[in-house]
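Report on one structure; see the data block that follows.
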Amino acid sequence: MPLWAAVLAAAAAGFLLDVASAPVGWWPLTFVSVTVALLTLIGRSLGGALLVGTVFGAAFYMTHLVWVGEFLGPVPWLALAGLEALLFGLGAVPIALAYRWTSGHQAHGVIQLLAVPLLVGGLWVAREVAMGVWPYSGFPWARIGMTQVGGPIVEVASWTGVTGLSFLVVTVCAAVVQWQRAGGFRFLRGLLPVGVVVVLLVVTPQFPTTAAGEFRVGWVQGNGPTGYFDVKAPGDVLAAQSVATRPLFGQPMDLLAWPEGGVDADPLTDPDAAAALDRIVQAAGAPLLMNAATTRGDDVFNTSLLWTADPADRQWHDKVNPVPFGEYVPDRWLYERIVPDLVGLIQREYTPGIEPPLVQVEDVGVGLAICFDVIYDKVIWDGAQQGAQLFVFQTNNADFRGTDENLQQLAFARMRAVETGRAVVNISTVGTSQVIAPDGTTLDSIGVDTAGAEISTVPLRTGLTPSAVLGPWLTGFIVLASAAALAVAGFFRRARTRAAHITHPTPSPYAPPVASPTDPNEGGHHD
């Protein structure tokens with residue numbers, strides 16, 4: 001593909017991937033997007049692969065993350081989307097090398113039809129993993145597997161996790177590309193591997209977890225002034241949550257849950273806030289899972305507290321991955337020189353938590369993830385492995401009112417339910433809040449910009465899915481195996497090139513020409 005055409009195709013493919021993702025969620029477009037993206041990398045130079053990959057990343061991230069600039073303007077949006085696009089472009093270079101270093105193998109052979117798709121799928125996933133951990137704890141927001149949350153193969157995630165699902169989707173697309181390169185419809189046998197994988201993906205059921213009873217959760221969306229720039233007085237957020245909770249009083253429940261930032265004071269040091277929470281717990285007749293900024297020593301934490309009538313029974317979990325440039329500023333000395341006004345808005349410096357993402361309500365384990373922690377696999381795996389029988393995700397989306405951010409995050413909550421085989425109660429300050437069944441379907445919902453409260457009876461589940469047990473190992477294996485396979489391909493490509501040079505050395509420009517035995521002019525006259 002000419003470079004100009006590849007750039008245009010990459011831009012179109014990046015836009016299609018955004019449409020395939022939440023909130024639109026046209027999941028089949030993922031296969032179109034990835035296939036086109038791979039076609040643009042075949043035959044590219046390193047610089048060309050970097051350019052094409054960056055264009056794809058820019059088209060995708062600039063549209064998918066437009067909500068970042070909703071209140072703070074274009075600088076944070078352009079900075080995050082631009083960085084992600086550049087990292088995506090760098091990750092395209094190994095894929096282009098994989099195509100180049102395997103080009104000498106027979107088009108109809110096992111290497112091209114099986115090994116190359118697996119290698120390309122692994123390298124794509126390796127890029128996702130790298131972008132999910134670096135820089136500053138990474139941003140694993142946009143992943144190929146996540147686009148399938150509304151599709152027919154989402155159940156596969158209970159076996160492989162999001163990373164494994166990404167790998168399988170990209171591998172299928174890469175196999176279609178290799179089949180097309182081998183002759184397309186003139187070589188129908190080449191579609192056999194693709195067909196087998198697609199059938200397996202479609203018919204694979206969700207891994208079964210074990211029913212363990214039911215649990216009544218009261219959940220409250222207060223719709224209070226929880227945005228960074230909302231006009232409010234101290235205690236207004238707590239008051240809004242308290243008022244929205246009153247309709248639930250007198251109804252039986254096992255747990256009352258509030259969203260992230262539902263209390264705008266530290267109840268561990270503020271006696272008035274603590275007294276208000278004591279009254280809520282007494283009126284509800286159940287412990288309250290709330291969230292607030294807390295201070296212990298010199299450290300500030302984003303903390304979910306299980307508030308109980310007896311202080312000795314209280315438990316907490318601090319957010320594991322505070323949001324860089326949102327909840328703390330890494331390398332503040334540097335960024336204060338670049339954008340001092342924006343950095344100056346962020347006064348708190350949240351400290352990462354180290355406690356397990358779990359609280360125990362009687363004999364029921366409740367797994368936790370605070371806001372963007374839902375996008376980090378390890379937090380979810382840890383909760384499941386520690387004994388979570390359901391999950392409660394607390395979030396504050398007030399700074400992104402009217403954008404796609406909440407629905408993109410909600411797609412992660414649905415995927416986590418399928419991955420772990422557990423019900424999820426996803427509570428937002430301003431919506432959309434939902435209760436999600438273990439199969440990913442929505443049980444109850446409260447829309448955006450609405451104060452509301454409900455009590456939902458959710459199923460409890462025990463037993464670990466392969467995703468929760470093998471997820472870390474599978475992720476590491478795919479990354480290491482792909483890197484090793486690319487290195488091996490490069491080594492053999494170099495070895496073949498050297499052997500060819502030895503067998504057919506390049507003639508010296510100073511050596512006299514040697515007549516070929518088949519030269520028709522040998523021994524004859526020259527005209």
Side-chain angles (χ1 to χ4, degrees), residues 6 9-10 13-14 16-18 20-21 27 29-42 44 46 48-61 64 84-102 112 114-134 138-148 153 156-157 160-178 181 193-194 197-198 201 377 471 474-487 489-490:
L16 288 179
L17 187 59
D18 176 58
S21 307
W27 60 267
L29 291 181
T30 299
F31 293 87
V32 179
S33 172
V34 173
T35 301
V36 172
L38 296 178
L39 287 170
T40 65
L41 294 175
I42 296 173
R44 293 270 82 84
L46 301 188
L50 176 62
L51 173 62
V52 169
T54 302
V55 168
F56 179 103
F60 172 66
Y61 286 105
H64 196 64
E84 295 297 297
L86 179 58
L87 294 176
F88 194 91
L90 290 171
V93 172
I95 297 175
L97 287 176
Y99 282 124
R100 180 190 300 180
W101 289 346
T102 58
Q112 292 288 3
L114 291 180
V116 171
L118 291 171
L119 174 57
V120 169
L123 292 173
W124 189 297
V125 164
R127 172 173 55 190
E128 285 190 352
V129 172
M131 294 175 67
V133 298
W134 185 88
F139 188 59
W141 186 266
R143 300 159 71 179
I144 293 298
M146 279 303 306
T147 65
Q148 303 303 300
I153 64 172
V156 176
T160 67
V162 178
T163 296
L165 186 53
S166 292
F167 170 75
L168 291 170
V169 170
V170 177
T171 298
V172 166
C173 296
V176 170
V177 169
Q178 295 304 97
R181 298 177 73 194
V194 179
V197 174
V198 169
L201 290 176
D377 292 342
L474 179 62
T475 298
F477 173 78
I478 291 176
V479 172
L480 294 177
S482 301
L486 182 64

Scanning both residues in full, the closest heavy-atom pair of L119 with A485 reads CD1-CB, 3.8 Å
Is there a donor-acceptor pair closer than 3.5 Å between any side-chain N or O of T147 and the backbone N or O of T30? no
First locate atom CG of L168, then atom CD1 of I144, and finally report the distance between them rounded to the nearest 0.5 Å. 12.5 Å
Working for side-chain contact (heavy atoms from CB on, under 4.5 Å), residues H64 and L17: CA-CA 9 Å; H64 196 64; L17 187 59; over 6 Å; no
Stepwise, does the side-chain contact (heavy atoms from CB on, under 4.5 Å) test hold for V125 with T475? CA-CA 9 Å; V125 164; T475 298; 6.0 Å; no
Any donor-acceptor N/O pair, Q112 side chain to T102 backbone, under 3.5 Å: yes
Which heavy atom of S33 sits nearest to which heavy atom of A13, and what is that distance? OG-O, 2.7 Å
Determine yes or no for a side-chain-to-main-chain donor-acceptor pair under 3.5 angstrom, with S166 supplying the side chain and G145 the backbone. yes
Checking L39, V170, L16 against V34 for side-chain contact (heavy atoms from CB on, under 4.5 Å), the one that qualifies is V170
In terms of relative ring orientation, are F139 and W141 parallel, tilted or perpendicular, with 30° and 60° separating the classes? parallel
Is there a donor-acceptor contact under 3.5 Å from the side chain of E128 to the main chain of P140? no
Here the pair of heavy atoms bringing T40 nearest to A37 is OG1-O, 2.6 Å
Report the C-alpha separation of I153 and L165 in whole Å, then their side-chain angles, then the decisive distance to 0.1 Å, and conclude whether the side-chain contact (heavy atoms from CB on, under 4.5 Å) test is met. CA-CA 9 Å; I153 64 172; L165 186 53; 4.0 Å; yes
Give me the atom names and distance for the closest heavy-atom approach of C173 to T35. CB-OG1, 3.4 Å
Quick check: closest heavy atoms across A58 and A85, and the distance to 0.1 Å? N-CB, 3.4 Å
Parallel, tilted or perpendicular: rings of F88 and F56 (30°, 60°): parallel
Does R44 offer a backbone N or O that forms a donor-acceptor pair with the side chain of R100 under 3.5 Å? yes
Of all the heavy-atom pairs spanning A92 and G53, show the shortest one and how long it is. CB-CA, 3.9 Å
Could you walk me through whether F167 and L123 pass the side-chain contact (heavy atoms from CB on, under 4.5 Å) check? CA-CA 9 Å; F167 170 75; L123 292 173; over 6 Å; no
